[in-house]
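The analysis underlying the following values was restricted to heavy atoms, covering all of them including side chains, and did not include hydrogens, waters or symmetry mates. Along the sequence shown, the residues carry numbers beginning at 1.
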Amino acid sequence: MAFSGSLRSFAESLAPDHYEISRAKQAIDDISRAIQTHFRRTSTVDRITPFGSLPKKTSLKGMMDVDMIVYINGQYPPFSEVVSQLSSIVRDNFGITPRKDQFGVHFEYKNVKVDLLAARNFLPPSGYRSEEIQHANALKHVKSLPSSQREVYSTSLSGASVLFEQSKDSFSHSLSRLAKYWSRKTGISNVRSLSSVMEYLGAWAAKQWNRQQDMVKGFRHLLEMIISLDSMNVYWTEFYNEYDIPNCIRSKRPLLLDPCNPYNNFMKLWNNEQYFRQMRSYARKTLERIDGEERSYYRGKYVDWERILSC
């Protein structure tokens with residue numbers, strides 16, 4: 001097996017098994033049913049949509065979680081009352097007291113971590129309905145708002161992230177999964193949106209090396225981006241145009257823009273130089289190990305990728 005092929009096989013082995021996926025889907029069904037039962041006599045809830053790493057196909061084995069968006073009709077954020085109702089639903093149906101914030105509730109159900117988020121529904125009540133239309137209408141509304149009011153609509157734009165990842169191939173998904181696995185091996189866990197950062201860095205690196213489908217070159221590219229964090233400049237144009245990105249955000253470095261939200265720079269809270277130094281150091285160390293292993297590699301040799309990727 002070629003050296004790059006062995007890394008791709010390792011990345012594919014990181015995917016959750018059928019049992020984990022079934023357990024997560026069962027959690028989605030149970031929670032959706034409880035919410036729909038609670039709101040069945042009202043028109044408050046338009047739909048409940050899974051998003052996050054499960055439908056994106058970027059979940060890690062043994063670390064399955066579930067993200068769900070509850071789209072609310074006729075109300076604008078903040079959804080304080082709806083969030084309180086969601087908290088009561090979880091408590092009354094599952095005996096769990098969830099943690100609440102302005103976007104939703106967060107809890108663990110049958111060993112599955114769940115983020116249950118409220119969002120404004122921007123779909124018409126009838127006619128053609130899709131996440132593309134939800135996103136386009138939501139973005140149009142958000143553009144009309146002052147910058148101080150845009151963040152509360154982030155969940156209304158988030159559903160399109162599934163479409164973004166579903167447009168990618170298995171090479172991209174494997175590289176994103178590999179990036180998330182590596183980031184966990186660094187031991188850095190208290191950085192906000194770390195999983196999303198790694199997922200999208202993986203997608204960006206895969207975009208550069210998709211033609212060759214070379215996992216080692218793609219992963220090297222990702223590590224080199226981390227080493228050069230200060231100059232990172234990554235944005236997408238699948239769900240918005242470049243002119244939709246405000247200049248005050250477009251000029252920021254590091255920049256890793258949410259592919260569905262031109263106002264959300266994932267790196268804006270990475271303002272701790274200690275994290276930067278650690279990530280750079282770990283990335284350099286991993287690159288050195290990969291280079292050393294590749295120089296001594298011969299066909300059919302077993303490559304201990306777990307050791308190479310451990311920091």
Side-chain angles (χ1 to χ4, degrees), residues 1-2 4-37 47-70 89-90 93-96 98 104-117 131 158-185 189 194-203 205-206 210 213 215-216 218-219 222 259 302-310:
M1 180 185 293
S4 180
S6 70
L7 181 56
R8 182 159 188 174
S9 294
F10 177 79
E12 290 171 351
S13 76
L14 299 174
D17 59 24
H18 175 73
Y19 170 74
E20 284 187 274
I21 293 173
S22 297
R23 189 176 54 172
K25 288 182 177 179
Q26 186 61 56
I28 291 170
D29 289 345
D30 292 348
I31 296 164
S32 296
R33 192 179 303 111
I35 295 170
Q36 289 163 347
T37 299
R47 64 197 184 281
I48 304 166
T49 304
F51 77 117
S53 59
L54 175 60
K56 290 178 182 178
K57 300 181 180 179
T58 59
S59 295
L60 285 175
K61 178 170 57 181
M63 301 176 187
M64 177 66 74
D65 56 10
V66 162
D67 302 296
M68 302 168 66
I69 301 177
V70 182
I89 291 168
V90 172
N93 284 272
F94 309 119
I96 300 167
V105 298
H106 314 272
F107 57 99
E108 189 168 312
Y109 173 67
K110 294 185 177 179
N111 297 317
V112 177
K113 291 183 179 179
V114 180
D115 291 328
L116 187 58
L117 309 178
E131 282 302 329
S158 294
S161 63
V162 175
L163 300 179
F164 173 82
E165 283 292 350
Q166 287 179 346
S167 72
K168 310 305 177 188
D169 63 8
S170 61
F171 175 71
S172 180
H173 296 154
S174 292
L175 192 46
S176 288
R177 196 181 300 118
L178 187 64
K180 293 204 287 188
Y181 175 84
W182 176 82
S183 73
R184 288 180 178 271
K185 286 293 186 178
S189 59
L194 181 59
S195 179
S196 294
V197 167
M198 291 300 152
E199 181 175 293
Y200 292 130
L201 285 181
N210 189 274
Q213 297 277 301
M215 189 63 65
V216 170
F219 190 53
L222 183 147
Y302 170 73
V303 181
D304 188 353
W305 285 109
E306 188 171 354
R307 177 190 62 80
I308 293 171
L309 301 178
S310 296

*Check S161 against K56 and note the closest heavy-atom contact, atom names and distance.*
OG-CE, 3.4 Å
*Is it the case that more than 12 heavy atoms not belonging to K57 sit under 6.0 Å from its NZ atom?*
no
*Specify the closest pair of heavy atoms between V90 and V105, including all atoms of both residues, with the distance to one decimal.*
CG2-CG2, 4.5 Å
*Taking all non-hydrogen atoms of both residues, which atom of G218 and which atom of A205 are closest, and how far apart?*
O-CB, 3.4 Å
_Heavy-atom donor-acceptor pair, R177 side chain to S59 backbone, under 3.5 Å_ = yes
_Salt bridge flag under 4.0 Å for residues K180 and E199_ = yes
_Least distance between heavy atoms, G202 atom then L175 atom_ = O-CD2, 3.6 Å
*Keeping the roles fixed (side chain from T58, backbone from H173), state whether a donor-acceptor pair exists under 3.5 Å.*
no
_Donor-acceptor contact present, side-chain S167 to main-chain F164, <3.5 Å_ = yes
_Test side-chain contact (heavy atoms from CB on, under 4.5 Å) on Y181 and E306; report intermediate values, then the result._
CA-CA 10 Å; Y181 175 84; E306 188 171 354; 3.3 Å; yes
*Where do Q213 and S174 land on the side-chain contact (heavy atoms from CB on, under 4.5 Å) test, with the steps shown first?*
CA-CA 11 Å; Q213 297 277 301; S174 292; over 6 Å; no
*Heavy-atom side-chain proximity of D29 to Q26 below 4.5 angstrom*: yes
*Should L117 and D67 be marked as a side-chain contact (heavy atoms from CB on, under 4.5 Å) after you check the CA-CA gap, both sets of side-chain angles, and the distance that decides it?*
CA-CA 8 Å; L117 309 178; D67 302 296; 5.8 Å; no
*Does D65 reach the side chain of S53, with side-chain heavy atoms less than 4.5 Å apart?*
yes
*Any side-chain heavy atom of L54 sitting closer than 4.5 Å to one from I28?*
yes
*asked:* Could you work out, with side chain to side chain donor-acceptor pair (under 3.5 Å) as the rule, every residue matching Y109, not counting sequence neighbours?
replied: D30
*Closest approach of S6 and V303, non-hydrogen atoms and distance?*
OG-CG2, 3.9 Å
*List the steps, then state whether side-chain contact (heavy atoms from CB on, under 4.5 Å) holds for I96 with E108.*
CA-CA 8 Å; I96 300 167; E108 189 168 312; over 6 Å; no
*4.5 Å side-chain heavy-atom contact, I35 and L116*: yes
*asked:* For I69, is there any backbone N or O sitting under 3.5 Å from a side-chain donor or acceptor partner on T49?
replied: no
*Tell me, yes or no, whether the heavy-atom count around R23 atom CZ, taken from other residues, nucleotides or ligands under 6.0 Å, exceeds 12.*
yes
*Compare all side-chain heavy atoms of L309 with those of F219 and state whether any distance is below 4.5 angstrom.*
yes
_4.5 Å side-chain heavy-atom contact, F107 and I31_ = yes
